[in-house]
Amino acid sequence: MITRGPRQLLAEVQQPGLCIGCGSCVELCPYFRSHGGKTVMLHDCDLAEGRCHAWCPKTELDLEGLAQTLWGRPYPAQGMGPHLAVVAAKAGPRLESGSYQGGGTVSALVCAALDEGLVQGAVLTGGQGLQTAPRLAATPEEVIACAGSRFTAAPTLAALNRAQAQGCGSVAVVATPCQAAALAQRRAKPWPQRGAAGPAELVIGLFCNWSLDPQGLASFLAQRVEPREIRSMDIPPPPAGVLKVETGQGSLEIPLDEIRGLIPPACGLCPDMTSEWADLAVGMYEGRPGWNTLVVRNEKARALTEAAVEKGWLVMEKFPAANQEHLLQAAQGKRSRGLSAALAQGLLGGPGDDQPKALRVGSELYKAVENGEVA
Amino acid sequence: MEGQRLTMMGNQAITQGALEAGVRVAAGYPGTPSSEIIQNLAGAADEHGLYVEWSINEKVSLEVAAAASLAGLRSLCAMKQNGVNVASDFLLHLAGSGVRAGMVLVHCDDPGALSSVNEGESRHFARMLELPLLEPSDFQEAKDMTKWAFELSEEIGNLVMLRSVTRLSHASGGVVPGPIPAPGGQARFDHHGSPRDLRHGPVSSAPVGYKHRLQQEKLKRAVELFEDSPFNSYVGPESPELLVITSSICNLYVKEALALLDARDRVGVLKLGTTWPLPPKLLQRHLQRCEQVLVVEEVIPFLEENVKIAAAEMAGEIGAKKFFGKREGTLPAQGELNPDLVLKALAGILDLPYQARPAQYDRLAQELAPQATQDRELAFCPGCPHRASFWSLKEALALDDRDGFICGDIGCYSLAMRPSGYGLLKTLHAMGSGAGMASGFGQLGRFGMDQPVMAVSGDSTFYHAVIPALINAVHQKSPMSLVVLDNSGTAMTGFQPHPGTEANALGQPVPPVDIEAICRSLGAEVTVCDPFDLKATQAAAVGLLADQSTAKVLILRQLCALSPQRKGTKPYEVRVDPEKCLGDQCGCNRLCTRVFGCPGLAWEKESGKARIDEVICAGCGVCASVCPQGAIIISEGA
């Protein structure tokens with residue numbers, strides 16, 4: 001796994017427009033800050049190696065190295081990441097019904113993790129309308145306040161860095177796949193000698209197909225609605241094909257085709273739909289409103305879900321095999337598209353390739369991508 | 001002191017000459033190398049009964065001085081080379097109208113731009129505006145010539161220009177002072193006569209045809225006086241191989257060079273003190289001595305060209321000459337001269353072997369210099385508010401992330417073109433030009449320019465020339481931001497008062513004119529911050545950049561570290577806690593010493609940690625806000 005410095009981070013990620021603004025490099029040091037949806041470097045830094053580069057999910061994301069280190073096996077051409085179970089889930093009776101999206105499973109799991117003492121706090125993405133902001137929540141009320149989907153990437157991991165710097169040792173993070181990948185890099189390449197920032201205790205991943213550039217979305221919407229009037233946004237399950245914007249004066253439906261241009265180029269290189277690197281992953285349950293799909297990836301996750309059910313935070317049911325097959329296909333589709341796009345753009349590396357790459361895979365997978373066999 | 005030979009700085013000698021001439025009113029705008037003239041006169045004001053002021057700008061100072069002359073009092077105006085450009089519109093008209101009591105404009109050029117962002121030449125104004133020009137060549141002459149300039153001014157009824165240069169104004173030499181007349185004088189402006197009556201009528205450059213003709217007659221009278229002036233002298237053999245024509249401080253370089261070359265018997269030196277208009281008979285006398293002429297002067301080939309014109313006009317009498325100077329490259333066309341350069345030129349013409357210094361001298365000097373001196377950039381002082389201001393502006397521009405930039409202006413903060421101010425200034429021209437250019441850049445959004453633009457200005461510069469530019473930006477709805485770096489004085493030139501200070505040049509209380517109130521009255525949004533509060537300043541600057549709908553002003557107010565009020569005081573005792581400083585283990589990559597760069601901070605090799613240099617530290621405490629570890633500890637009451 002290759003690590004370079006902040007100047008290379010700028011050259012490989014910020015300058016070509018691949019930064020997704022996850023916040024992983026923000027507030028680790030005095031140099032990187034998040035502002036207006038962008039990650040910017042305030043001053044030049046000439047360190048040869050830095051955590052900024054080591055943990056960034058958009059450069060030198062060595063899928064093969066991570067899989068070997070964290071999963072103990074190669075990164076496969078197929079699949080949706082390791083998992084013990086895929087279930088249907090929704091918030092249990094203990095969680096007061098809030099403005100959560102789908103089934104409220106994420107909020108329920110975070111509350112359970114706090115309740116169980118598994119973590120001291122959870123880093124979530126809060127904010128209203130276009131103003132997304134990372135939050136550190138320590139109580140169910142604070143968790144509920146952050147419920148609901150956002151469709152722009154937020155510098156969530158900056159809040160993790162801040163929490164860890166302030167001595168909050170065990171933190172859960174609700175992460176998009178790119179943020180989960182950043183956190184996986186922290187597990188695989190911890191850097192304790194340089195301060196408190198490091199891996200999260202628990203990573204609750206989200207399913208994600210793409211996000212929208214915050215500044216691009218803001219100016220797009222500003223032409224259609226008064227930005228201050230925006231209350232919430234949602235993308236209802238297919239076949240709706242729209243972004244639904246709730247405003248003070250009713251709702252507005254924008255066809256997804258109109259906003260596809262606002263998808264950051266980095267999303268096109270992403271091979272992960274189901275947050276493979278997280279402990280658990282939560283997504284929509286197509287065709288069953290009020291429920292989520294929950295992927296339980298490891299033993300820690302299994303223990304948490306069992307406790308959550310027992311304490312009334314969560315309700316789980318069987319997930320039909322047909323739906324699981326459909327989910328696998330969707331995940332496979334994104335992996336195939338991401339790896340192929342990376343290859344086409346010269347950003348996919350194999351072992352022994354010393355050019356900077358966004359993604360690295362093992363030699364077999366590299367060949368398979370080259371031959372169009374990953375589908 | 002009278003009659004005793006004293007050591008005086010050139011500017012002091014000029015002051016003495018003005019006092020001996022009975023000057024009553026003096027005005028100017030600070031600018032190196034001219035500033036000490038008004039400063040010294042202000043110091044002498046009480047004793048000798050003068051009115052002296054630091055005016056808002058050079059043009060106004062010339063107007064203030066001209067008023068005294070028209071009311072019958074001798075007056076002097078002083079400024080640096082580019083100040084004459086500012087004053088030049090009034091100067092043109094004053095040259096046309098003429099003056100009454102003796103009036104002298106002392107303009108100090110800065111060859112080599114030692115303290116300027118230009119190598120401007122001010123002598124050409126004399127030719128362009130048809131005024132007599134004097135150039136003293138040493139300290140005694142600086143005094144004597146200044147005194148005589150007032151007499152000449154009265155003799156011809158027009159302003160006299162007297163040009164100094166840095167090495168005269170700021171060097172020192174022997175001067176024998178003379179008596180200073182007793183205080184007194186009655187001011188009265190007589191305006192009841194005919195417009196054609198120069199002594200009693202209304203004063204104007206019109207009727208132009210009449211006044212212009214009179215002006216040229218005055219100049220002819222000056223030439224007659226110049227023909228016999230003791231300020232023009234010849235030293236050398238009757239028929240030299242080479243005639244050097246020189247003026248100003250260059251005369252000393254020529255003398256030194258000829259002595260070192262032992263060539264005084266081969267070369268004659270015509271030193272001219274009255275350099276415009278040139279006295280033709282005198283010139284003819286000396287040009288007849290030999291066939292080769294070298295003109296030695298600084299900045300543009302002003303004397304050289306005028307001599308060549310005169311030589312062409314008298315070619316029938318003196319024949320063709322071979323000229324050496326700046327135009328054909330015997331002397332460098334830019335930069336200051338010095339004895340070495342003159343020596344090289346003379347040795348070349350005379351075909352004398354002479355090496356100014358051994359070949360290995362420069363190499364050895366370069367090898368030895370780093371051992372004897374600190375490797376340090378030209379930088380803001382420790383505790384300078386500008387460092388803190390530019391730090392916040394840099395971070396705000398980075399956060400804004402639209403490739404925004406700052407138009408610079410004239411003051412200590414011009415240093416922000418360099419690493420000490422993080423190279424933030426992207427344009428730098430004349431006084432007030434930052435705001436004017438920002439006003440222009442702000443209009444280019446309609447052509448697709450999406451970079452936000454800021455201008456900076458000092459407080460003195462604000463009054464001098466920024467106000468019209470700001471009015472323009474507000475009125476034309478230019479989305480620019482003006483950041484006024486208000487350090488409460490004309491810091492760069494030595495804390496002269498300006499319209500914002502509570503005392504004038506004479507130390508008397510005067511009503512300060514409030515920058516904030518001016519800006520608000522223009523309709524600009526104004527925010528005021530202490531630049532030492534990095535967080536608030538950065539937030540304010542980010543706000544300015546984000547909302548580029550109108551012209552806005554941010555005033556960053558903090559005393560200059562060298563201001564009389566602050567100098568020698570240490571608001572905070574500052575130290576580095578070695579437990580908290582993680583050295584190279586910190587992710588900060590030496591932010592304090594490598595990036596922030598205050599000279600009061602040092603990186604200690606032995607411990608691998610930061611340290612405060614207590615001798616240099618001014619105790620502003622800003623670095624405590626820069627350290628991400630909170631390892632820089634400040635405590636009050638040092």
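Remember, predicted model here, so these are calculated numbers, not experimental data. Residue numbering restarts at 1 for every chain, and letters A, B, ... go by the order of the sequence lines. Computed from heavy atoms alone, side chains included, the values below leave out hydrogens, waters and symmetry copies.
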With a 4.5 angstrom heavy-atom cut-off, could you sort out which part of [X] is near chain A: side chain, backbone, both or neither?
| X | result |
| --- | --- |
| B:Cys586 | backbone |
| B:Leu591 | both |
| B:Val626 | neither |

Counting heavy-atom pairs under 4.5 angstrom with chain B, the leader among A:Ala197, A:Cys45, A:Cys29, A:Gly50 is A:Cys45
Only pairs of heavy atoms separated by less than 4.5 Å count here; which of A:Pro30, A:Pro6, A:Cys52 has the most with chain B?
A:Pro30
Given the rule in the side-chain contact (heavy atoms from CB on, under 4.5 Å) test, do A:Leu61 and A:Leu66 qualify, once you have shown the distances and angles that lead to the verdict?
CA-CA 8 Å; A:Leu61 183 68; A:Leu66 287 176; 3.7 Å; yes
Toward chain B, the part of A:Leu28 with a non-hydrogen atom under 4.5 Å:
neither
Plane angle bin for A:His43 and B:Trp391 - parallel if under 30°, tilted between 30 and 60°, otherwise perpendicular
parallel
Between B:His386 and B:Tyr413, how do the two ring planes meet: parallel, tilted or perpendicular, split at 30° and 60°?
perpendicular
salt_bridge(B:Asp486, B:Arg557) N-O dist < 4.0 Å:
yes
Checking A:Gln179 against A:Thr176: is there a side-chain donor and acceptor pair closer than 3.5 Å?
yes
